[in-house]
There are 4 protein chains.
Amino acid sequence: MTSKPANLTRIQSERRDEILSSALEIFSKNGYKGASINKIAQAANMSTPRLLYHFSDKEKLYSDLLSSTLSLWIDPLEFIGQTDDAVEEICNYVRRKIEMSRDYPRESRLFASEILIGIERADDSLFDPLHQIFRDKIELIQRWSNEGKIAPVDPYHLIYSIWATTQHYADFDVQIRTLSPQKMENLFDDAEAFLIPMYTKLLTPSR
Amino acid sequence: MTSKPANLTRIQSERRDEILSSALEIFSKNGYKGASINKIAQAANMSTPRLLYHFSDKEKLYSDLLSSTLSLWIDPLEFIGQTDDAVEEICNYVRRKIEMSRDYPRESRLFASEILIGIERADDSLFDPLHQIFRDKIELIQRWSNEGKIAPVDPYHLIYSIWATTQHYADFDVQIRTLSPQKMENLFDDAEAFLIPMYTKLLTPSR
Amino acid sequence: MTSKPANLTRIQSERRDEILSSALEIFSKNGYKGASINKIAQAANMSTPRLLYHFSDKEKLYSDLLSSTLSLWIDPLEFIGQTDDAVEEICNYVRRKIEMSRDYPRESRLFASEILIGIERADDSLFDPLHQIFRDKIELIQRWSNEGKIAPVDPYHLIYSIWATTQHYADFDVQIRTLSPQKMENLFDDAEAFLIPMYTKLLTPSR
Amino acid sequence: MTSKPANLTRIQSERRDEILSSALEIFSKNGYKGASINKIAQAANMSTPRLLYHFSDKEKLYSDLLSSTLSLWIDPLEFIGQTDDAVEEICNYVRRKIEMSRDYPRESRLFASEILIGIERADDSLFDPLHQIFRDKIELIQRWSNEGKIAPVDPYHLIYSIWATTQHYADFDVQIRTLSPQKMENLFDDAEAFLIPMYTKLLTPSR
DNA sequence: AATGAATGAGAATTCATTCAT
DNA sequence: GATGAATGAATTCTCATTCAT
């Protein structure tokens with residue numbers, strides 16, 4: 001999981017944050033291979049050796065960045081199931097995921113490219129926390145489905161579908177900008193106006 | 001669309017195909033930056049200069065590959081609207097896109113990484129043919145929506161959603177393999193079993 | 001000396017001429033190293049192997065070009081001494097050299113870059129014909145000088161100086177174009193108007 | 001003029017000097033295209049990337065070398081006009097240019113090949129300082145000519161002729177070595193003994 | 001006589017990383 | 001702690017030349 005060193009001075013942790021912020025910018029725009037730690041160091045206003053003092057190598061920086069960002073994926077998922085209104089719970093999840101795409105597109109693209117291209121990693125436990133919660137929620141949705149609180153659906157594909165439709169707006173941003181006549185400002189509202197009814201229709205149990 | 005040279009000798013077109021095949025493999029796995037023409041040449045059993053004899057440079061190889069693959073994206077779209085059963089037409093499109101993800105995942109990932117990371121291209125008209133047909137179909141779906149043949153939906157977001165949900169199975173393959181309990185063989189059937197009802201519910205006009 | 005094969009078909013010798021003409025253009029503009037036989041072949045509208053059929057390799061092409069062009073340097077020199085008016089003879093030589101710079105600047109630059117940069121040549125007898133005539137004329141001028149037909153001057157430096165001042169207009173063309181306010185059309189006339197009086201003053205014997 | 005970075009560490013300026021010295025040797029002997037930074041690095045006893053650490057690329061190294069050498073061309077020109085003896089002033093310029101050819105032949109050849117072959121440069125302002133002073137001196141000589149301090153001559157062609165005759169000994173060194181019977185030691189003295197009377201005769205106003 | 005195809009040597013970079021100060 | 005300096009491996013591409021047909 002996150003291997004952030006436990007005891008850091010304030011300065012050290014400020015530097016780490018500056019670096020991670022630049023790394024997010026550069027990695028999400030260029031992918032792992034396309035990004036050079038030089039450019040990242042430059043964006044963070046420091047020399048490369050100084051960057052490497054904080055993160056021992058490029059791969060460490062990259063995976064620390066990924067794991068420090070993972071909560072953005074996990075958090076919205078965690079909230080599912082606070083209330084008993086199953087359809088609404090899932091729709092709220094969709095809403096939160098849309099917000100994420102709007103507010104944190106770089107993080108979304110970072111993950112997308114990691115999954116799409118992926119680097120060989122010695123330790124591939126990076127996504128373990130996500131997977132744990134994923135399984136919990138799968139179970140929850142399955143229960144809801146069994147109990148008739150939502151229409152019967154395959155919970156796996158439901159979540160895949162939600163991830164796909166919501167993250168698409170961040171990850172394929174470039175294409176959508178080209179194709180859409182709408183201003184980007186309204187785009188996410190329109191997306192919500194499309195997706196919420198879709199999932200509502202899908203999930204509302206027929207009487 | 002980069003036009004494949006019209007008159008090729010036998011050897012040229014054989015070599016081109018060998019190279020493009022290896023290039024698809026390597027580019028889709030590693031992205032543009034992560035792929036070296038060395039590795040591609042090696043995979044195609046030839047020396048790098050020999051490869052470069054057939055494709056003048058890396059970028060040319062890459063964009064020729066993209067454009068030679070673009071029809072896989074365009075073709076299923078083109079078929080929409082053969083019959084008058086609007087809901088069925090769109091569902092069939094979904095089915096075809098699922099098949100594409102199953103049968104041509106590398107091509108799907110190639111495009112995904114191009115849109116996600118994208119290289120600056122001198123001539124960015126690569127996607128023009130897709131965009132043209134896209135607009136045609138947007139118009140068609142809008143008409144269907146107006147005429148009440150499908151429920152009222154935003155055609156843009158409908159297509160984005162179809163692209164997202166279907167291509168997701170190819171593009172995020174790695175993640176899905178990890179998370180899904182199903183055997184991959186059934187995965188695409190299950191996906192279809194999930195998506196077709198979803199879009200049917202969404203699109204069937206309420207009377 | 002010139003190693004032009006003795007017996008050539010008409011077609012062969014036409015091809016050779018086409019190639020030499022393109023080679024002159026490319027070599028004089030880019031130097032030996034900067035010129036590629038590809039570009040030369042292209043400029044001559046033929047494939048590189050076909051070019052290499054006529055000239056076994058790049059160096060051969062280059063030195064054949066040099067020797068086929070050498071007469072432009074030699075010819076004006078050869079004429080010196082037709083009449084007995086020594087000053088006029090030399091001035092006429094200057095005039096002819098100026099014409100050469102005006103009419104054959106590429107040839108002049110080709111030689112200049114050969115002397116300036118020079119490639120290591122197995123057989124460095126290329127300039128032998130020039131040197132032979134050079135020595136003859138040195139002798140002639142020395143005699144004129146001894147006989148008082150021209151003012152006493154070092155014949156070597158006289159010829160160097162004539163070469164330098166006249167060829168300069170072809171070889172340093174780029175610089176002169178930048179510095180000179182005159183139109184290029186008049187440039188060579190102006191040069192003559194400057195140089196002839198200079199050499200006349202220099203050479204006219206004082207009584 | 002490419003500006004040498006203002007603040008250099010000790011090592012930086014030492015390395016720069018070593019590299020520039022090797023670069024002068026290699027570039028002046030082989031021209032821009034014929035010189036490889038490999039050879040230059042080797043001559044400077046370092047690896048190519050180490051060289052490239054100090055000069056970002058080949059062209060930068062080349063143009064830094066040119067501009068650092070430009071003063072050799074400019075300085076002798078600048079001195080013209082210190083005294084009022086116009087003929088002597090110009091003759092002294094000739095003498096200084098001959099010294100330059102004797103003492104800095106590689107620099108002279110470097111410039112000659114740049115003008116002769118020239119590389120396309122993003123910023124072609126390299127020679128601006130020279131051109132500025134050139135124009136000043138043109139004006140001065142024109143004034144002298146108008147005032148009768150020297151015989152009436154075209155100042156442009158006068159300077160071209162001085163450049164041509166003096167630089168010739170450095171630039172065409174190879175040819176001169178072959179043709180001249182003199183030992184090289186005396187060559188420059190002999191050149192001076194030829195050129196000074198020539199320009200004196202040319203410039204001395206007839207009363 | 002001619003071309004398409006291929007080769008191997010080198011060229012100029014780039015880049016993650018290390019070292020010395 | 002931090003930077004300037006350097007390294008070595010890899011990468012893209014060029015080019016003279018050769019080979020097979």
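Note on naming: letters A, B, ... go to the chains in the order of the sequence lines (proteins, then strands), and numbering restarts at 1 for each one.
- More than 12 heavy atoms of other shown residues, nucleotides or ligands fall within 6.0 angstrom of atom NZ in A:Lys39.
- Computed from coordinates, the D:Asp57 CG to E:dT13 C1' distance equals 9 Å when rounded to whole Å.
- Looking only at atom types and distance, the side chain of B:Glu114 has no donor-acceptor partner in the side chain of B:Tyr32 under 3.5 Å away.
- E:dA12 atom P lies 9 Å from atom NZ of D:Lys33, rounded to whole Å.
- In terms of position on DNA chain E, the residue among C:Thr48 and D:Lys58 whose nearest nucleotide sits closer to the 5' end is C:Thr48.
- Nucleotide F:dT11: paired with E:dA12 (Watson-Crick or G-U wobble, both distances less than 3.5 Å).
- For the pairing with A:Phe27, the side-chain contact (heavy atoms from CB on, under 4.5 Å) check across A:Arg109, A:Lys58, A:Arg106 returns one residue only, A:Lys58.
- Within the nucleic acid shown, D:Asn38 comes within 4.0 Å of sugar-phosphate atoms alone, with no base atom in reach, counting heavy atoms only.
- Proximity of a side-chain donor or acceptor of B:Ser125 to a complementary backbone N or O of B:Asp128 within less than 3.5 Å is not detected.
- D:Phe55 places its CZ atom 16 Å from the P atom of E:dT14, with the value rounded to the nearest Å.
- Nucleic acid contact for C:Tyr53: sugar-phosphate only, since backbone atoms but no base atoms lie under 4.0 Å from a heavy atom of the residue.
- At least one side-chain heavy atom of A:Arg16 sits under 4.5 Å from a side-chain heavy atom of A:Phe55.
- Distance CD (C:Glu59) to C1' (F:dC15): 16 Å, rounded to an integer number of Å.
- For D:Ile37, the listed nucleotide lying nearest its side chain is E:dA12; candidates were E:dA12, F:dG1, E:dA2.
- Checking E:dA16, F:dT3, E:dA5 against the side-chain heavy atoms of C:Pro49 singles out E:dA5 as nearest.
- When each of E:dT13, E:dT7, F:dT12 is scored by its nearest atom to the side-chain atoms of B:Arg50, the top-ranked nucleotide is E:dT7.
- For C:Ser36, counting side-chain heavy atoms from C-beta on, the closest listed nucleotide (F:dA16, E:dA6, E:dA11) is F:dA16.
- Here D:Arg15 reaches the OP1 or OP2 of F:dA6: one of its side-chain N or O atoms lies under 4.0 Å away.
- A straight line from OH of C:Tyr32 to C1' of F:dC15 spans 11 Å, rounded to a whole angstrom.
- Between A:Asn30 atom CG and E:dT14 atom P the separation is 15 Å, expressed in whole Å.
- Within 4.0 Å (heavy atoms only), C:Ala35 reaches sugar-phosphate atoms of the nucleic acid but no base atom.
- Few gaps surround CD on C:Glu25; more than 12 heavy atoms of other groups in view lie less than 6.0 Å from it.
- For the pair D:Met46 CE and F:dG8 C1', the computed distance is 16 Å after rounding to whole Å.
- Protein atom CG of B:Leu52 is 13 Å distant from nucleotide atom P of E:dA6, rounded to whole Å.
- Comparing D:Ser13 and B:Ser56, the nucleotide of DNA chain F nearest to each residue sits closer to the 5' end for D:Ser13.
- Under the Watson-Crick or G-U wobble criterion, with both distances below 3.5 Å, E:dT21 is paired with F:dA2.
- Not one side-chain nitrogen or oxygen of C:His54 sits closer than 4.0 Å to the OP1 or OP2 atom of E:dA1.
- Checking F:dT14, E:dT7, E:dT17 against the side-chain heavy atoms of B:Ser47 singles out E:dT7 as nearest.
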